[in-house]
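Comments concern the structure below.
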Amino acid sequence: VIKDGGTRLGVLSLAFNPTPLVTALDKAGDGIRVDVVDSTNRIVLSSDSVMLGHYLTGISANRGDAQPNGVFESGTEHASAGRTNRGRWHVVAHQSSNALNSPYRSARVGLASLVAALLIILLGVLVAVHQFLARRISGPATELAIAAEAVAAGDFSVQIEHASADDEIGRLGRAVAAMILELRRLAQALAGSAKETTNMSAEITAGSEEMAATAGEI
């Protein structure tokens, strides 16, 4: 308002194009909304041109004028403010909590997925190791134990199947198979000798009977 003493002569209006400043704030904010507010919380400049002339609400209530700079939050937004224009204005950068927490949520989901994948891989490795040990050690050892028990019970017909490996279990299996084979041959030889001994005993008995008969005739 222009006055001459107490007389009002007119009004001087000053206007400027905010587009370059809005573009600069938008580029500086890089996705974060930046507002310049005056002492009445009116937005005099913003990276969002739609908000020019509006009043900043919500987070402005938590902004202390005693502190030149500060980080604060209100409701669903986080903000950082700094003084400008000799402390009469504030530059406020703020963004919603959901937008700020979105990368952390994505990181948590990614980390959980990574941990789950590692656990699945570890489980698969453990299963593979178990199957390998069962195939190379537990299975052949169980077969050798069963064969030893059968031989101890007098059954020499048992066969060793897992004796082709080149490790210690394979060598032990081949040794046990050779031992069973030799025991089987020995048992067959003993059985043949026993049969021959029985035949000879029968012949001796028959000869004794004949001699007894002859002696009785004499």
Side-chain angles (χ1 to χ4, degrees), residues 25-34 47-48 58-59 62 69-82 92-202:
L25 286 178
D26 184 36
K27 184 178 180 181
D30 192 19
I32 298 176
R33 179 178 156 188
V34 180
S47 58
D48 186 2
I59 63 172
N62 290 332
N69 298 284
V71 179
F72 50 91
E73 62 178 296
S74 175
T76 59
E77 287 192 327
H78 287 70
S80 177
V92 182
H94 54 101
Q95 194 173 31
S96 66
S97 300
N98 291 332
L100 289 174
N101 293 331
S102 178
Y104 297 102
R105 287 195 296 266
S106 301
R108 286 195 296 268
V109 172
L111 182 60
S113 301
L114 178 61
V115 172
L118 291 177
L119 289 176
I120 292 175
I121 293 174
L122 179 59
L123 181 61
V125 170
L126 292 177
V127 171
V129 170
H130 173 71
Q131 292 179 351
F132 174 79
L133 293 177
R135 185 176 64 254
R136 298 296 298 272
I137 298 177
S138 300
T142 302
E143 183 182 9
L144 291 176
I146 294 175
E149 292 174 353
V151 171
D155 182 9
F156 300 119
S157 63
V158 64
Q159 299 290 334
I160 304 297
E161 297 180 358
H162 300 84
S164 60
D166 294 331
D167 53 6
E168 290 77 5
I169 298 297
R171 292 175 58 189
L172 179 61
R174 289 191 292 271
V176 172
M179 181 186 68
I180 294 175
L181 179 60
E182 293 299 326
L183 290 176
R184 187 182 303 121
R185 291 176 180 175
L186 179 59
Q188 292 175 355
L190 290 175
S193 298
K195 185 176 181 181
E196 292 177 358
T197 302
T198 302
N199 293 333
M200 291 178 62
S201 298

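Everything numeric in this text was worked out from a predicted model, so none of it was measured.
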Taking side chain to side chain contact (heavy atoms under 4.5 Å, CB included) as the definition, give me every residue that meets it alongside L172, ordered by chain and number, with sequence neighbours left out. L144, V176

For A150, side chain to side chain contact (heavy atoms under 4.5 Å, CB included) partners two or more places apart: D155, V158

Checking V109 now: which residues fulfil side chain to side chain contact (heavy atoms under 4.5 Å, CB included) with it, not counting sequence neighbours? S113

Gap between atom CD1 of I121 and atom CG of L118 - 0.5 Å precision: 5.5 Å

So how far is it from L119 CG to L114 CG, rounded to the nearest 0.5 Å? 9.5 Å

Mind jotting down which residue pairs meet the side chain to side chain donor-acceptor pair (under 3.5 Å) criterion with at least one end in residues 177-194? Sequence neighbours excluded, please. E182-R185

So, S47 side chain and V34 main chain: donor-acceptor pair closer than 3.5 Å or not? yes

Out of curiosity, D48 CG to L25 CG, how far, rounded to the nearest 0.5 Å? 11.0 Å

